[in-house]
Amino acid sequence: MVIGVTMINVLPGHEKESYDELRKIEGIKDVYHVFGEYDFVVIIEVRDLTILNTVVDRIRESDTVTATQTIVGAEL
């Protein structure tokens, strides 16, 4: 299991549209609308890194997404 945390920026005024779109992407476990440098923090839980890359690519394909940054979690 691979956990990714992706921070997302979207076009101003498109937060609700982006939220609804993110909720539909398979592999996304949680979507949090936040305030500060980013608009959303998304928790991705998938089987492997290849699938994580696919999910992040799908997020980036959105017309409302302007930037992403992803952190990959590791087990200790």
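Basis for what follows: all heavy atoms, side chains included, without hydrogens, waters or symmetry-related copies.
Follow the hydrophobic side-chain contacts under 4.5 Å out from V34 and you never reach V31; the two are in separate clusters. Transitive grouping of hydrophobic side chains (ILVMFWY, heavy atoms separated by less than 4.5 Å) brings I44 and Y19 into a common cluster. Connection of Y38 to I71 is established within a shared hydrophobic cluster, with ILVMFWY side chains joined at heavy-atom distances below 4.5 Å, either directly or through further cluster members. Following chains of ILVMFWY side-chain contacts shorter than 4.5 Å, one can reach M7 starting from I3, so the two form part of one hydrophobic cluster. When hydrophobic clusters are built by joining Ile, Leu, Val, Met, Phe, Trp and Tyr residues whose side-chain heavy atoms come closer than 4.5 Å, directly or via intermediates, V46 is grouped together with I25.
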Between I43 and Y32, does the side chain to side chain contact (heavy atoms under 4.5 Å, CB included) criterion hold? Intermediate values first, please. CA-CA 9 Å; I43 308 300; Y32 299 100; 4.0 Å; yes
Could you walk me through whether L22 and V42 pass the side chain to side chain contact (heavy atoms under 4.5 Å, CB included) test, one step at a time? CA-CA 8 Å; L22 290 166; V42 174; 4.2 Å; yes
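A donor and an acceptor atom, one from each side chain of E17 and T64, are nowhere located under 3.5 Å apart. Using modelled atom types and a 3.5 Å distance limit, the side chains of T68 and T6 yield no donor-acceptor pair.
The salt bridge (Lys or Arg N to Asp or Glu O under 4.0 Å) pairs that include a residue from residues 29-44 are K29-E45, where partners are two or more places apart or lie in different chains. Contacts classified as ring-ring contact (aromatic ring centres under 6.0 Å, His included) and involving residues 46-76 (residues at least two apart or in different chains) are not found.
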Name the atoms and distances for all side-chain donor-acceptor pairs under 3.5 Å in residues 47-56, with sequence neighbours left out.
residue : atom : partner : partner atom : Å
D48     : OD1  : T50     : N            : 3.1
D48     : OD1  : I51     : N            : 3.0
N53     : ND2  : L49     : O            : 3.4
T54     : OG1  : T50     : O            : 3.0

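One finds the NE2 atom of H14 at 11.5 Å from the CD atom of E21 (value rounded to the nearest 0.5 Å).
A side chain to side chain contact (heavy atoms under 4.5 Å, CB included) with I8 holds for exactly one of T70, T66, V65; it is V65.
Residues forming a side-chain contact (heavy atoms from CB on, under 4.5 Å) with H33 (at least two apart in sequence, or on another chain): E15, F35, F40. In terms of the side-chain contact (heavy atoms from CB on, under 4.5 Å) criterion, residue partners of D20 (sequence neighbours excluded) are, by chain and number, K16.
When hydrophobic side chains of Ile, Leu, Val, Met, Phe, Trp and Tyr are connected at separations under 4.5 Å, L11 ends up as a singleton with no cluster partners.
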